[in-house]
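Okay, structure first, notes after.
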Protein chains: 2
Amino acid sequence: MKLSKTEEQVMQYLWKLEKAFMKDILTEFPQPKPATTTVATLLKRMIDKGFVNYNLYGKSREYYPLIKKTDYFSKHVNGLIKNFFNNSASQFASFFTSETNLSVTELEELRKLIDSQIKEQKK
Amino acid sequence: MKLSKTEEQVMQYLWKLEKAFMKDILTEFPQPKPATTTVATLLKRMIDKGFVNYNLYGKSREYYPLIKKTDYFSKHVNGLIKNFFNNSASQFASFFTSETNLSVTELEELRKLIDSQIKEQKK
DNA sequence: AAAAAACCTCTACACTTGTAGAATAAAATT
DNA sequence: AATTTTATTCTACAAGTGTAGAGGTTTTTT
(Lines give C-alpha, C1' and ligand atoms only; values in the text may rest on other atoms or scores of the structure.)
Protein backbone atom coordinates (compact mmCIF):
# COMPACT_ATOMS: atom_id res chain seq x y z
CA MET A 1 0.00 0.00 0.00
CA LYS A 2 1.17 3.45 -0.83
CA LEU A 3 0.39 6.96 0.22
CA SER A 4 -0.88 9.47 -2.27
CA LYS A 5 0.91 12.76 -2.85
CA THR A 6 -1.22 14.73 -0.40
CA GLU A 7 -1.17 12.00 2.16
CA GLU A 8 2.60 12.08 1.90
CA GLN A 9 2.47 15.75 2.71
CA VAL A 10 0.57 15.08 5.89
CA MET A 11 3.03 12.32 6.64
CA GLN A 12 5.87 14.81 6.37
CA TYR A 13 4.27 16.91 9.05
CA LEU A 14 3.79 13.91 11.27
CA TRP A 15 7.39 12.91 10.85
CA LYS A 16 8.45 16.41 11.69
CA LEU A 17 6.18 16.80 14.70
CA GLU A 18 6.43 13.16 15.77
CA LYS A 19 3.05 13.48 17.43
CA ALA A 20 0.36 15.92 16.53
CA PHE A 21 -3.19 16.91 17.12
CA MET A 22 -5.34 17.89 14.21
CA LYS A 23 -4.73 21.50 15.06
CA ASP A 24 -0.96 21.09 14.90
CA ILE A 25 -1.17 19.55 11.49
CA LEU A 26 -3.35 22.32 10.20
CA THR A 27 -0.88 24.84 11.54
CA GLU A 28 1.84 23.28 9.43
CA PHE A 29 0.00 23.76 6.17
CA PRO A 30 0.91 26.92 4.30
CA GLN A 31 -1.76 29.26 3.02
CA PRO A 32 -4.20 28.50 1.58
CA LYS A 33 -4.87 25.88 4.17
CA PRO A 34 -7.14 23.02 3.23
CA ALA A 35 -10.45 22.57 5.00
CA THR A 36 -10.28 20.70 8.29
CA THR A 37 -12.51 18.04 6.83
CA THR A 38 -10.04 17.50 4.04
CA VAL A 39 -7.23 16.80 6.45
CA ALA A 40 -9.54 14.64 8.51
CA THR A 41 -10.37 12.59 5.45
CA LEU A 42 -6.70 12.19 4.64
CA LEU A 43 -5.86 11.11 8.16
CA LYS A 44 -8.66 8.60 8.13
CA ARG A 45 -7.43 7.15 4.88
CA MET A 46 -3.90 7.02 6.19
CA ILE A 47 -5.09 5.17 9.26
CA ASP A 48 -6.99 2.73 7.05
CA LYS A 49 -3.84 2.16 5.05
CA GLY A 50 -1.94 1.44 8.23
CA PHE A 51 0.49 4.34 8.11
CA VAL A 52 -0.84 6.31 11.03
CA ASN A 53 -2.33 5.67 14.42
CA TYR A 54 -3.30 7.82 17.38
CA ASN A 55 -3.53 7.93 21.13
CA LEU A 56 -6.58 9.20 22.83
CA TYR A 57 -6.05 11.96 25.33
CA GLY A 58 -9.44 12.37 26.86
CA LYS A 59 -11.33 12.60 23.66
CA SER A 60 -8.77 14.17 21.38
CA ARG A 61 -6.51 12.16 19.20
CA GLU A 62 -2.84 12.59 19.03
CA TYR A 63 -1.76 11.18 15.71
CA TYR A 64 1.59 9.64 15.06
CA PRO A 65 3.32 7.89 12.16
CA LEU A 66 3.65 4.12 12.18
CA ILE A 67 6.51 4.07 9.73
CA LYS A 68 9.85 5.83 9.89
CA LYS A 69 10.63 8.39 7.26
CA THR A 70 13.80 6.63 6.26
CA ASP A 71 12.01 3.32 5.90
CA TYR A 72 9.25 4.78 3.85
CA PHE A 73 11.74 6.61 1.80
CA SER A 74 14.03 3.70 1.06
CA LYS A 75 11.12 1.74 -0.23
CA HIS A 76 10.29 4.69 -2.36
CA VAL A 77 13.73 5.11 -3.80
CA ASN A 78 14.15 1.44 -4.28
CA GLY A 79 10.96 1.34 -6.28
CA LEU A 80 12.28 4.18 -8.34
CA ILE A 81 15.55 2.44 -8.92
CA LYS A 82 13.85 -0.78 -9.84
CA ASN A 83 11.55 1.05 -12.19
CA PHE A 84 14.08 3.14 -13.97
CA PHE A 85 17.39 1.46 -13.70
CA ASN A 86 16.67 -2.22 -13.94
CA ASN A 87 17.35 -2.52 -10.30
CA SER A 88 20.88 -1.23 -10.45
CA ALA A 89 21.55 1.22 -7.67
CA SER A 90 24.94 2.09 -9.05
CA GLN A 91 23.44 2.95 -12.39
CA PHE A 92 21.08 5.21 -10.55
CA ALA A 93 23.90 6.73 -8.57
CA SER A 94 25.85 7.56 -11.65
CA PHE A 95 22.81 9.09 -13.21
CA PHE A 96 22.20 10.99 -10.06
CA THR A 97 25.60 12.61 -9.84
CA SER A 98 25.59 13.68 -13.44
CA GLU A 99 22.01 14.85 -13.69
CA THR A 100 21.25 16.69 -10.51
CA ASN A 101 23.12 19.90 -10.18
CA LEU A 102 25.13 19.55 -7.06
CA SER A 103 27.69 22.22 -6.38
CA VAL A 104 31.35 21.39 -5.95
CA THR A 105 31.00 21.81 -2.22
CA GLU A 106 28.09 19.44 -2.13
CA LEU A 107 29.92 16.97 -4.29
CA GLU A 108 32.90 17.08 -2.00
CA GLU A 109 30.68 16.53 0.97
CA LEU A 110 29.14 13.61 -0.78
CA ARG A 111 32.53 12.14 -1.53
CA LYS A 112 33.42 12.41 2.12
CA LEU A 113 30.26 10.52 2.96
CA ILE A 114 31.02 7.84 0.50
CA ASP A 115 34.49 7.47 1.88
CA SER A 116 33.20 6.92 5.35
CA GLN A 117 30.67 4.47 3.96
CA ILE A 118 33.44 2.55 2.29
CA LYS A 119 35.45 2.47 5.49
CA GLU A 120 32.36 1.42 7.35
CA GLN A 121 31.75 -1.49 5.07
CA LYS A 122 35.32 -2.63 4.92
CA LYS A 123 35.35 -3.13 8.67
CA MET B 1 1.42 16.56 -16.55
CA LYS B 2 2.61 13.25 -15.32
CA LEU B 3 2.48 9.67 -16.43
CA SER B 4 0.76 7.10 -14.30
CA LYS B 5 2.60 3.99 -13.12
CA THR B 6 1.43 1.80 -15.99
CA GLU B 7 1.97 4.47 -18.55
CA GLU B 8 5.49 4.76 -17.25
CA GLN B 9 5.91 1.08 -17.90
CA VAL B 10 4.93 1.53 -21.52
CA MET B 11 7.26 4.50 -21.67
CA GLN B 12 10.11 2.30 -20.52
CA TYR B 13 9.50 0.02 -23.44
CA LEU B 14 9.41 2.93 -25.83
CA TRP B 15 12.66 4.28 -24.46
CA LYS B 16 14.20 0.88 -24.83
CA LEU B 17 12.92 0.24 -28.32
CA GLU B 18 13.15 3.87 -29.44
CA LYS B 19 10.41 3.21 -31.94
CA ALA B 20 7.80 0.53 -31.73
CA PHE B 21 4.65 -0.78 -33.26
CA MET B 22 1.87 -1.95 -31.02
CA LYS B 23 3.01 -5.49 -31.52
CA ASP B 24 6.53 -4.73 -30.33
CA ILE B 25 5.22 -3.16 -27.18
CA LEU B 26 3.01 -6.10 -26.44
CA THR B 27 5.96 -8.40 -26.92
CA GLU B 28 7.83 -6.55 -24.21
CA PHE B 29 5.18 -7.16 -21.57
CA PRO B 30 5.80 -10.20 -19.41
CA GLN B 31 3.08 -12.74 -18.83
CA PRO B 32 0.27 -12.20 -18.17
CA LYS B 33 0.14 -9.67 -20.94
CA PRO B 34 -2.54 -7.04 -20.80
CA ALA B 35 -5.23 -6.92 -23.47
CA THR B 36 -4.27 -5.08 -26.64
CA THR B 37 -7.03 -2.61 -26.00
CA THR B 38 -5.52 -1.82 -22.63
CA VAL B 39 -2.23 -0.90 -24.17
CA ALA B 40 -4.03 1.01 -26.89
CA THR B 41 -5.86 3.03 -24.26
CA LEU B 42 -2.62 3.74 -22.46
CA LEU B 43 -0.90 4.87 -25.64
CA LYS B 44 -3.81 7.12 -26.50
CA ARG B 45 -3.68 8.72 -23.09
CA MET B 46 0.07 9.15 -23.37
CA ILE B 47 -0.38 10.84 -26.72
CA ASP B 48 -3.01 13.12 -25.21
CA LYS B 49 -0.61 14.00 -22.44
CA GLY B 50 2.04 14.85 -24.99
CA PHE B 51 4.57 12.19 -24.08
CA VAL B 52 4.27 10.07 -27.18
CA ASN B 53 3.75 10.53 -30.87
CA TYR B 54 3.82 8.26 -33.90
CA ASN B 55 4.66 8.06 -37.56
CA LEU B 56 2.31 6.45 -40.00
CA TYR B 57 3.76 3.71 -42.10
CA GLY B 58 0.99 2.94 -44.48
CA LYS B 59 -1.70 2.53 -41.95
CA SER B 60 0.23 1.30 -38.98
CA ARG B 61 1.63 3.56 -36.37
CA GLU B 62 5.15 3.50 -35.17
CA TYR B 63 5.12 5.07 -31.74
CA TYR B 64 8.00 6.94 -30.24
CA PRO B 65 8.70 8.89 -27.04
CA LEU B 66 8.69 12.67 -27.13
CA ILE B 67 10.71 13.01 -23.98
CA LYS B 68 14.11 11.60 -23.14
CA LYS B 69 14.37 9.15 -20.32
CA THR B 70 16.97 11.22 -18.55
CA ASP B 71 14.84 14.35 -18.80
CA TYR B 72 11.77 12.65 -17.52
CA PHE B 73 13.79 11.08 -14.83
CA SER B 74 15.47 14.20 -13.56
CA LYS B 75 12.13 15.86 -13.17
CA HIS B 76 11.03 12.81 -11.26
CA VAL B 77 13.99 12.74 -8.94
CA ASN B 78 13.87 16.44 -8.41
CA GLY B 79 10.26 16.15 -7.35
CA LEU B 80 11.27 13.45 -4.96
CA ILE B 81 14.06 15.53 -3.55
CA LYS B 82 11.84 18.53 -3.17
CA ASN B 83 9.22 16.44 -1.47
CA PHE B 84 11.39 14.61 0.97
CA PHE B 85 14.43 16.66 1.57
CA ASN B 86 13.27 20.24 1.56
CA ASN B 87 14.86 20.65 -1.79
CA SER B 88 18.35 19.77 -0.68
CA ALA B 89 19.98 17.44 -3.14
CA SER B 90 22.96 16.95 -0.88
CA GLN B 91 20.72 15.87 1.95
CA PHE B 92 19.23 13.41 -0.43
CA ALA B 93 22.61 12.23 -1.54
CA SER B 94 23.71 11.58 1.97
CA PHE B 95 20.54 9.69 2.65
CA PHE B 96 21.03 7.79 -0.51
CA THR B 97 24.53 6.60 0.23
CA SER B 98 23.64 5.46 3.69
CA GLU B 99 20.28 3.88 3.00
CA THR B 100 20.65 2.04 -0.25
CA ASN B 101 22.95 -0.87 0.04
CA LEU B 102 25.67 -0.23 -2.43
CA SER B 103 28.61 -2.56 -2.33
CA VAL B 104 32.13 -1.29 -1.76
CA THR B 105 32.86 -1.68 -5.43
CA GLU B 106 29.84 0.33 -6.36
CA LEU B 107 30.69 2.96 -3.82
CA GLU B 108 34.18 3.24 -5.21
CA GLU B 109 32.80 3.56 -8.68
CA LEU B 110 30.50 6.25 -7.48
CA ARG B 111 33.35 8.09 -5.85
CA LYS B 112 35.24 8.00 -9.10
CA LEU B 113 32.25 9.51 -10.82
CA ILE B 114 31.98 12.22 -8.28
CA ASP B 115 35.64 13.04 -8.65
CA SER B 116 35.29 13.49 -12.34
CA GLN B 117 32.21 15.59 -11.76
CA ILE B 118 34.16 17.81 -9.42
CA LYS B 119 36.96 18.18 -11.94
CA GLU B 120 34.40 18.87 -14.61
CA GLN B 121 32.84 21.65 -12.61
CA LYS B 122 36.08 23.21 -11.49
CA LYS B 123 37.09 23.78 -15.09
C1' DA C 1 -11.79 -14.79 -51.41
C1' DA C 2 -12.72 -16.22 -46.79
C1' DA C 3 -11.09 -16.45 -42.25
C1' DA C 4 -8.11 -14.92 -38.75
C1' DA C 5 -5.33 -11.68 -36.53
C1' DA C 6 -4.09 -6.96 -35.43
C1' DC C 7 -5.20 -2.48 -34.23
C1' DC C 8 -7.86 1.70 -33.27
C1' DT C 9 -11.65 4.31 -31.04
C1' DC C 10 -15.54 4.37 -28.01
C1' DT C 11 -17.59 3.09 -24.12
C1' DA C 12 -17.65 1.39 -19.53
C1' DC C 13 -16.90 0.54 -14.88
C1' DA C 14 -14.73 0.07 -10.46
C1' DC C 15 -11.24 2.14 -7.60
C1' DT C 16 -8.36 5.99 -6.02
C1' DT C 17 -7.53 10.77 -5.08
C1' DG C 18 -8.36 15.75 -4.00
C1' DT C 19 -11.43 18.37 -1.97
C1' DA C 20 -14.92 19.76 1.04
C1' DG C 21 -20.01 20.42 2.84
C1' DA C 22 -23.54 18.62 6.35
C1' DA C 23 -24.27 16.79 10.56
C1' DT C 24 -22.88 15.92 14.98
C1' DA C 25 -20.26 15.85 19.18
C1' DA C 26 -17.09 17.64 22.19
C1' DA C 27 -14.23 21.28 24.00
C1' DA C 28 -13.01 25.96 24.81
C1' DT C 29 -14.41 30.66 25.46
C1' DT C 30 -17.21 34.31 26.85
C1' DA D 1 -25.03 28.06 30.63
C1' DA D 2 -24.77 29.80 25.94
C1' DT D 3 -21.91 30.46 22.08
C1' DT D 4 -18.13 29.52 19.34
C1' DT D 5 -14.50 26.69 17.84
C1' DT D 6 -12.59 22.29 16.81
C1' DA D 7 -12.68 17.60 15.47
C1' DT D 8 -14.84 13.44 13.37
C1' DT D 9 -17.60 10.75 10.27
C1' DC D 10 -20.54 10.47 6.26
C1' DT D 11 -21.52 11.66 1.99
C1' DA D 12 -20.37 13.44 -2.47
C1' DC D 13 -18.44 14.45 -6.65
C1' DA D 14 -15.07 15.34 -10.37
C1' DA D 15 -10.74 13.81 -12.24
C1' DG D 16 -7.54 10.20 -12.98
C1' DT D 17 -6.30 5.24 -13.42
C1' DG D 18 -6.39 0.10 -14.57
C1' DT D 19 -8.57 -2.74 -17.29
C1' DA D 20 -10.91 -4.43 -21.12
C1' DG D 21 -15.20 -5.49 -24.26
C1' DA D 22 -17.75 -4.12 -28.67
C1' DG D 23 -17.48 -2.58 -33.07
C1' DG D 24 -15.18 -1.36 -37.12
C1' DT D 25 -11.20 -1.47 -40.30
C1' DT D 26 -7.10 -3.20 -42.10
C1' DT D 27 -3.70 -6.53 -42.81
C1' DT D 28 -2.12 -11.15 -42.89
C1' DT D 29 -2.77 -16.04 -43.38
C1' DT D 30 -4.78 -19.99 -45.08
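Reminder, nothing fancy here: chain letters follow the sequence lines and each chain counts from 1.
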Which whole-number value in Å describes the distance from [X] [atom1] to [N] [atom2]?
| X | N | atom1 | atom2 | answer |
| --- | --- | --- | --- | --- |
| B:R61 | C:dA6 | CZ | C1' | 13 Å |
| A:L26 | D:dT8 | CG | P | 10 Å |
| B:M22 | D:dT25 | CE | P | 18 Å |
| B:I47 | C:dC8 | CD1 | C1' | 10 Å |
| A:K5 | D:dT17 | NZ | C1' | 16 Å |
| B:E8 | D:dT17 | CD | C1' | 13 Å |
| B:L43 | C:dT9 | CG | P | 10 Å |
| A:F21 | C:dA27 | CZ | P | 12 Å |

request  = Say whether, by atom type as modelled, one donor and one acceptor occur between the side chain of A:T27 and the main chain of A:K23 under 3.5 angstrom.
outcome  = yes
key: Earlier contact from the 5' end, DNA chain C, for A:K2 and A:Y57   = A:K2
For B:R45, all residues meeting side-chain hydrogen bond (donor to acceptor under 3.5 Å, both in side chains), sequence neighbours excluded = none
Using a 4.5 Å cut-off on heavy atoms from C-beta on, say whether the side chain of [Y] contacts that of [X].
| X | Y | result |
| --- | --- | --- |
| B:I25 | B:L43 | yes |
| A:Y64 | A:L14 | no |
| A:E8 | A:F51 | no |
| A:Y63 | A:L17 | no |

Report yes if a side-chain nitrogen or oxygen of [X] is closer than 4.0 Å to either non-bridging phosphate oxygen (OP1 or OP2) of [N]; otherwise report no.
| X | N | value |
| --- | --- | --- |
| B:Y63 | C:dC8 | yes |
| A:S4 | C:dG18 | yes |
| A:K44 | C:dG18 | no |
| B:T6 | D:dT17 | no |

query = Could B:E7 and B:K49 be called an ion pair, given the rule that one side-chain N must be under 4.0 Å from one carboxylate O?
reply = yes
note = Readout for nucleotides 20-26 of chain C: B = base within 4.0 Å of protein heavy atom, S = sugar-phosphate only, - = neither; 5' to 3' it is BBB---S
